[in-house]
Asks: 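Take this structure, written in structure tokens, and hold onto it; I'll ask about it next.
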Amino acid sequence: MKTNLFKQLILGALFIYMPLQSMAWGTTGHRVCGQIAESYLTPKAKAAIHAILGNESIAMASNWADFIKSDPQYSYTSPWHYIDLDKPYTYPELVDFLNHDTNTDAYTRIMFLMADLKKPGLSRYTKEFDLKMLIHIVEDVHQPMHVAHADDKGGNDFKVTWFNEPTNLHAVWDTKLIDFQQLSYSEYATSINHTTAAQRAEWQSAPVSKWLFESNQIAEVLYTDIKPGDDLGYKYNFSHIQTLNWQLLKAGVRLAGVLNQIFV
């Protein structure tokens, strides 16, 4: 009996630990985006989402897609979290690329999930799965290194140090910068969630292709801003914190726009 309990505890610990190695935005970042999104939902969208998620907030549900990575039955969802590009694209080139995109990636999954959630008669399980995945992936693609170079796995192979700690460029944008602010997700969301109606309308009217283009443009700058082996710290935070905050904010606002369109 004690042996079985010990095994269950070990498996539980692994379930919590394993996804943390490759989370986009990290737990805090995703919850920041989720909380911002909740502040811009219509009453109808709020009611529909509550019917699916119950008392689980969007902020808390936004990490589910990372947590399930440690479960082999969901391993097929790993490519859903990013879209790596083989070269820098102009916007028209990227639109053309996406129009012919048949890969299993963040773009094709966002488009599928948005369409699927509008279908009548979906099972409760499918609704919950689709909603949680959509929430997460919309947030993911606003992390610049999730729309970055294929040859270095979105910056995972771009090795740097963060205050002398070995890491990589992808992880810096996933977690290091966000955690460096030393704020809870609710404190962080409150501190950056200041938008005008005009901003929200502009951001929410942009197609998904524009989201990806913006993230990739930022990623291209990030690649040239430093070189492998650089030690990043206070100066890097000062130079990039505003970009980080804008991307978190845009992700939340656009996620709300998507959900408001689906649940009308």
Asks: Does Met145 reach the side chain of Val172, with side-chain heavy atoms less than 4.5 Å apart?
Replies: no
Asks: Determine the interplanar angle of the Tyr236 and His240 rings, folded into 0 to 90°, and report it as parallel if under 30°, tilted if 30 to 60°, perpendicular if over 60°.
Replies: tilted
Asks: How about His170 and Phe158: are their ring centres within less than 6.0 Å of each other?
Replies: no
Asks: Using modelled atom types and a 3.5 Å cut-off, is there a donor and acceptor pairing between side-chain atoms of Asn156 and backbone atoms of Lys153?
Replies: yes
Asks: Are Leu53 and Leu122 connected in the hydrophobic side-chain network, where two residues link if heavy atoms are under 4.5 Å apart?
Replies: no
Asks: With sequence neighbours left out, write down each residue that passes ring-ring contact (aromatic ring centres under 6.0 Å, His included) with Tyr40, or none if nothing qualifies.
Replies: none
Asks: Hey, are the side chains of Gln199 and Thr196 touching, using non-hydrogen atoms and a 4.5 Å cut-off?
Replies: yes
Asks: Could you tell me whether the side chain of Ile58 reaches within less than 4.5 Å of the side chain of Leu255, counting heavy atoms only?
Replies: yes
Asks: Would you say that Met114 contacts Asp130 through its side chain, given a criterion of any heavy-atom pair below 4.5 Å between the two side chains?
Replies: no
Asks: Ignoring hydrogens and geometry, is there a side-chain-to-backbone donor-acceptor pair from Arg109 to Ile137 under 3.5 Å?
Replies: no
Asks: With ring centroids as reference points, do His146 and His81 lie under 6.0 angstrom apart?
Replies: no
Asks: So how far is it from His136 NE2 to Leu131 CG, rounded to the nearest 0.5 Å?
Replies: 13.5 Å
Asks: Going by the rule salt bridge (Lys or Arg N to Asp or Glu O under 4.0 Å), which residues pair with Glu128 if we only count those two or more places apart in sequence or in a different chain?
Replies: Lys132
Asks: Return the CG to OG1 distance between Asp174 and Thr27, rounded to the nearest 0.5 Å.
Replies: 10.0 Å
Asks: Check Pro88 against Asn216 and note the closest heavy-atom contact, atom names and distance.
Replies: CA-OD1, 4.4 Å
Asks: Quick one: are the ring centres of Phe97 and Tyr89 less than 6.0 Å apart?
Replies: yes
Asks: Compare all side-chain heavy atoms of Asp231 with those of Trp162 and state whether any distance is below 4.5 angstrom.
Replies: no
Asks: Search all heavy atoms of Gly257 against all heavy atoms of Gln204 and return the closest pair with its distance.
Replies: N-NE2, 3.5 Å
Asks: Is there a path of hydrophobic side-chain contacts, each under 4.5 Å between heavy atoms of I/L/V/M/F/W/Y residues, joining Phe238 to Leu248?
Replies: no
Asks: Check this for me: Tyr234, atom OH, are more than 12 non-hydrogen atoms of other residues, nucleotides or ligands nearer than 6.0 Å?
Replies: no
Asks: So do the side chains of Thr243 and Trp246 get within less than 4.5 Å of each other, counting heavy atoms only?
Replies: no
Asks: Do Trp211 and Trp203 touch side chain to side chain, with heavy atoms closer than 4.5 Å?
Replies: no
Asks: Taking the side chain as C-beta and beyond, is there a heavy-atom pair between Ile52 and Phe263 under 4.5 Å?
Replies: yes
Asks: Answer with yes or no whether the hydrophobic clustering places Leu85 together with Tyr82; edges join I, L, V, M, F, W, Y residues whose side-chain heavy atoms lie under 4.5 Å apart.
Replies: no
Asks: Can a donor-acceptor pair be found, under 3.5 Å and without considering hydrogens, that links the side chain of Thr190 to the backbone of Ser186?
Replies: yes
Asks: When you measure from the side chain of Thr108 to the backbone of Thr102, do you find a donor-acceptor pair of N or O atoms at a distance under 3.5 Å?
Replies: no
Asks: Of all the heavy-atom pairs spanning Ala59 and Tyr185, show the shortest one and how long it is.
Replies: CB-CE1, 3.8 Å
Asks: Please determine if Lys210 forms a cation-pi arrangement with Tyr91, meaning its NZ or CZ atom is less than 6.0 Å from the six-membered ring centre and no more than 45° off the ring axis.
Replies: yes
Asks: So, taking the atom named CD in Gln242 and the one named CG in Asn237, what distance separates them when rounded to the nearest 0.5 Å?
Replies: 11.5 Å
Asks: For the residue pair Pro79 and Thr104, what are the closest heavy atoms and their distance?
Replies: CB-O, 3.3 Å
Asks: Mind checking the CE-OG spacing from Met111 to Ser209? Nearest 0.5 Å is all I need.
Replies: 8.5 Å
Asks: Report whether Leu232 and Val221 are members of the same hydrophobic cluster (ILVMFWY, side-chain heavy atoms less than 4.5 Å apart, transitive linking).
Replies: no
Asks: Could you give the distance from OG (Ser215) to NE2 (His142), rounded to the nearest 0.5 Å?
Replies: 6.0 Å
Asks: Does Lys44 NZ have over 12 foreign heavy atoms under 6.0 Å away?
Replies: no
Asks: Hydrophobic cluster membership, with links at side-chain heavy-atom distances under 4.5 Å among I/L/V/M/F/W/Y: are Trp80 and Val141 in one?
Replies: yes
Asks: Walk me through it: do Arg254 and Glu214 pass the test salt bridge (charged side-chain N to carboxylate O under 4.0 Å, His left out)?
Replies: CA-CA 13 Å; Arg254 284 172 170 161; Glu214 290 173 356; 3.0 Å; yes
Asks: Keeping the roles fixed (side chain from Asp152, backbone from Gly155), state whether a donor-acceptor pair exists under 3.5 Å.
Replies: yes
Asks: Quick one: which residue pairs count as a salt bridge (charged side-chain N to carboxylate O under 4.0 Å, His left out) with a foot in residues 83-107, not counting sequence neighbours?
Replies: none
Asks: Enter the distance from Leu134:CG to Asp116:CG here, rounded to the nearest 0.5 Å.
Replies: 10.5 Å
